Amino acid sequence: MAKVHPNVLPSSVERAAAAAAAGPPAAGGEEEEATSLTVWRKSLLFNCRGYTVFDARGDLAYRVDSYDAEAEVVLMDPAGRAAFTVRRKRLSLSGERWLIYAGEETWRPVYAVKRGGGGKSMARVTPCAVGAAAAAGAAGAGSVASYEVEGSYARRRCVVYDAERRAVAEVQPKEAVGTDVFRLVVQPGVDVSLAMAVVVALDQLFGRPSLLRSWSYSP
């Protein structure tokens, strides 16, 4: 079985921050490559449920550690800083829906993830008006994109498409390690943390059992 534990080296998130601080590469440099993460549906902490995510070099990139059964999952960087919070929306008339919030706030969602969407779509990721507008303003962008997810999360084979039908992220199985360890590949220019937050939401919708449903929480 392939190694599924972190190295004592800077994480991909920390390296990306350092690269951003250093500025863009010189003209003629190599084209940016896709980011490949290994997702392990297991916490590194004893008696705790969650996820542990490693980059292509085996360094810790993200983690989720939680001891309670609330309908909420916080995606953290290696230092424990919240990147996104994924929370179930209660009493939704349009079916089960999970909301994605920036950082630790839980009152102004940026995205909503729900089943279906028509055609081959297994899930739809749509911007929430107030939170998305704030996120776009903070990023200096005009709008926040919506996405469609096609394939099978249960088999760890699904693709996230943007509005122009470009594949921006993909969940792939890892050979001979079962469904609790899989790969997430994120294309250049896509927020890797957001892609990971979408995977967390998909796990709540389609995982068997999901991170939270394996506990005592009842909707």
Side-chain angles (χ1 to χ4, degrees), residues 1-7 9 11-13 15-16 33-45 48-66 72-78 82-88 96 98 100 111 113-117 120-125 147-162 166-215:
M1 178 175 174
K3 180 178 67 174
V4 191
H5 59 79
N7 298 321
L9 293 171
S11 72
S12 59
V13 177
R15 286 198 298 272
E33 297 181 352
T35 299
S36 180
L37 301 175
T38 294
V39 182
W40 189 17
R41 295 176 81 247
K42 181 179 178 63
S43 170
L44 292 178
L45 301 182
C48 181
R49 299 184 184 272
Y51 302 86
T52 307
V53 185
F54 308 105
D55 65 15
R57 295 173 58 176
D59 303 336
L60 183 63
Y62 299 100
R63 61 190 179 96
V64 173
D65 302 311
S66 186
E72 178 178 294
V73 182
V74 180
L75 176 68
M76 297 176 287
D77 68 13
F84 286 99
T85 296
V86 182
R87 169 178 277 195
R88 181 175 182 172
E96 185 176 2
W98 289 80
I100 298 176
Y111 278 100
V113 183
K114 64 177 182 179
R115 292 174 180 267
K120 299 179 180 179
S121 177
M122 59 176 276
R124 173 172 290 177
V125 184
Y147 303 94
E148 296 285 342
V149 186
E150 297 181 5
S152 171
Y153 180 78
R155 296 180 181 177
R156 305 300 188 257
R157 293 186 183 275
C158 53
V159 182
V160 181
Y161 294 96
D162 66 10
R166 295 175 298 193
V168 297
E170 185 174 358
V171 172
Q172 304 171 346
K174 289 278 270 187
E175 297 77 6
V177 292
T179 57
D180 276 349
V181 181
F182 56 93
R183 182 182 294 110
L184 171 64
V185 179
V186 185
Q187 296 303 314
V190 179
D191 185 343
V192 178
S193 297
L194 176 60
M196 187 60 224
V198 170
V199 168
V200 172
L202 292 176
D203 197 84
Q204 309 318 311
L205 286 168
F206 302 102
R208 292 293 181 270
S210 75
L211 177 65
L212 295 174
R213 287 174 184 155
S214 61
W215 302 349

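Here, residue 1 is the first one in the sequence, and each next residue gets the next number. It should be emphasised that the depicted structure is a prediction, and the values quoted were computed from it without experimental measurement.
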Engineer: Side chains of E150 and S121: donor-acceptor distance under 3.5 Å anywhere?
Structural biologist: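 Short answer, no.
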
Engineer: Test of understanding: with side-chain hydrogen bond (donor to acceptor under 3.5 Å, both in side chains), list the residues that count as partners of S152, not counting sequence neighbours.
Structural biologist: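 Expected list: none.
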
Engineer: Step by step, work out the side-chain contact (heavy atoms from CB on, under 4.5 Å) result for R88 and E96.
Structural biologist: CA-CA 8 Å; R88 181 175 182 172; E96 185 176 2; 4.0 Å; yes

Engineer: Cation-pi check for Y153 against R155: NZ or CZ below 6.0 Å from the six-membered ring centre and within 45 degrees of the axis, yes or no?
Structural biologist: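 Checked: cation-pi criterion not met.
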
Engineer: Applying side-chain contact (heavy atoms from CB on, under 4.5 Å), run through L184 and M196 and close with a yes or a no.
Structural biologist: CA-CA 8 Å; L184 171 64; M196 187 60 224; 4.0 Å; yes

Engineer: Check whether any side-chain heavy atom of T38 sits under 4.5 Å from a side-chain heavy atom of V181, and report yes or no.
Structural biologist: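 Sidechains of V181 and T38: in contact.
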
Engineer: Could D203 and R41 be called an ion pair, given the rule that one side-chain N must be under 4.0 Å from one carboxylate O?
Structural biologist: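 A salt bridge links D203 with R41.
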
Engineer: Can you classify the ring geometry of Y147 versus Y111 as parallel (below 30°), tilted (30 to 60°) or perpendicular (above 60°)?
Structural biologist: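 If you compare the ring of Y147 with that of Y111, the planes turn out tilted.
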
Engineer: If you define the side chain from C-beta out and look only at heavy atoms, does anything of T35 sit under 4.5 Å from D55?
Structural biologist: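 Of all side-chain heavy-atom pairs linking D55 with T35, none is under 4.5 Å.
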
Engineer: Among all residues two or more places apart in sequence or in another chain, which pass the side-chain hydrogen bond (donor to acceptor under 3.5 Å, both in side chains) test with Y161?
Structural biologist: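 Applying side-chain hydrogen bond (donor to acceptor under 3.5 Å, both in side chains) to Y161 gives none.
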
Engineer: Is there a side-chain contact between W98 and V200 in this structure, where contact means two heavy atoms from C-beta onward sitting under 4.5 Å apart?
Structural biologist: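 The answer is no, as the side chains (C-beta and beyond) never meet within the 4.5 Å cut-off.
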
Engineer: Return yes if some donor-acceptor pair links the side-chain N/O of T52 with the main-chain N/O of K42 below 3.5 Å, else return no.
Structural biologist: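 Indeed, once roles are kept as given, a pair shorter than 3.5 Å links the two residues.
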
Engineer: Please assess E148 against V160 for the test side-chain contact (heavy atoms from CB on, under 4.5 Å), listing each intermediate value before the final yes or no.
Structural biologist: CA-CA 6 Å; E148 296 285 342; V160 181; over 6 Å; no

Engineer: Can you find a heavy atom in the side chain of D191 that is under 4.5 Å from one in the side chain of F84?
Structural biologist: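 The answer is yes; the side chains approach within 4.5 Å.
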
Engineer: In sequence, state the C-alpha distance, the side-chain angles, and the governing distance for V113 and L205, and then conclude on side-chain contact (heavy atoms from CB on, under 4.5 Å).
Structural biologist: CA-CA 9 Å; V113 183; L205 286 168; 3.9 Å; yes

Engineer: Is it the case that the side chains of Y51 and S43 hold a donor-acceptor pair, with the cut-off being a distance below 3.5 Å and no angle test?
Structural biologist: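 No - no donor-acceptor pair under 3.5 Å links their side chains.
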
Engineer: Under a 4.5 Å cut-off applied to non-hydrogen side-chain atoms, are T85 and V73 in contact?
Structural biologist: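 T85 does not reach V73 side chain to side chain.
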
Engineer: Just jot down the side-chain hydrogen bond (donor to acceptor under 3.5 Å, both in side chains) partners of R157, sequence neighbours excluded, or say none.
Structural biologist: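 Partners of R157 under the side-chain hydrogen bond (donor to acceptor under 3.5 Å, both in side chains) test: none.
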
Engineer: Looking at V64 and M76, what are the two nearest heavy atoms and their distance?
Structural biologist: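 Smallest heavy-atom distance, with atoms named: CA-CE, 4.3 Å.
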
Engineer: Nearest heavy-atom pair of F182 and Q172: which atoms, and what distance?
Structural biologist: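 Closest heavy-atom pair between F182 and Q172: CB-O, 3.4 Å.
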
Engineer: Give the minimum heavy-atom separation between V186 and A195, together with the two atoms involved.
Structural biologist: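 Scanning both residues, the minimum pair turns out to be CG2-CB, 3.7 Å.
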
Engineer: Measure the shortest side-chain to side-chain distance between R183 and V171 over non-hydrogen atoms and say whether it is less than 4.5 angstrom.
Structural biologist: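 No, every pair of side-chain atoms sits at 4.5 Å or beyond.
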
Engineer: Could you state the interatomic distance from CD (E170) to OG (S36), rounded to the nearest 0.5 Å?
Structural biologist: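 OG of S36 is found 10.5 Å from CD of E170.
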
Engineer: Decide yes or no for L60 and F54: does some side-chain heavy atom of the first lie under 4.5 Å from some side-chain heavy atom of the second?
Structural biologist: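 SC-SC contact between L60 and F54 confirmed.
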
Engineer: Supply the atom-to-atom distance R156 CZ to L202 CG, rounded to the nearest 0.5 angstrom.
Structural biologist: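 Here the rounded value is 10.0 Å.
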
Engineer: Specify the closest pair of heavy atoms between S193 and L75, including all atoms of both residues, with the distance to one decimal.
Structural biologist: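 Heavy-atom minimum between the residues: O-CD2, 3.4 Å.
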
Engineer: Can you find a heavy atom in the side chain of M122 that is under 4.5 Å from one in the side chain of C158?
Structural biologist: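 A side-chain contact exists here, since the closest heavy-atom pair is under 4.5 Å.
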
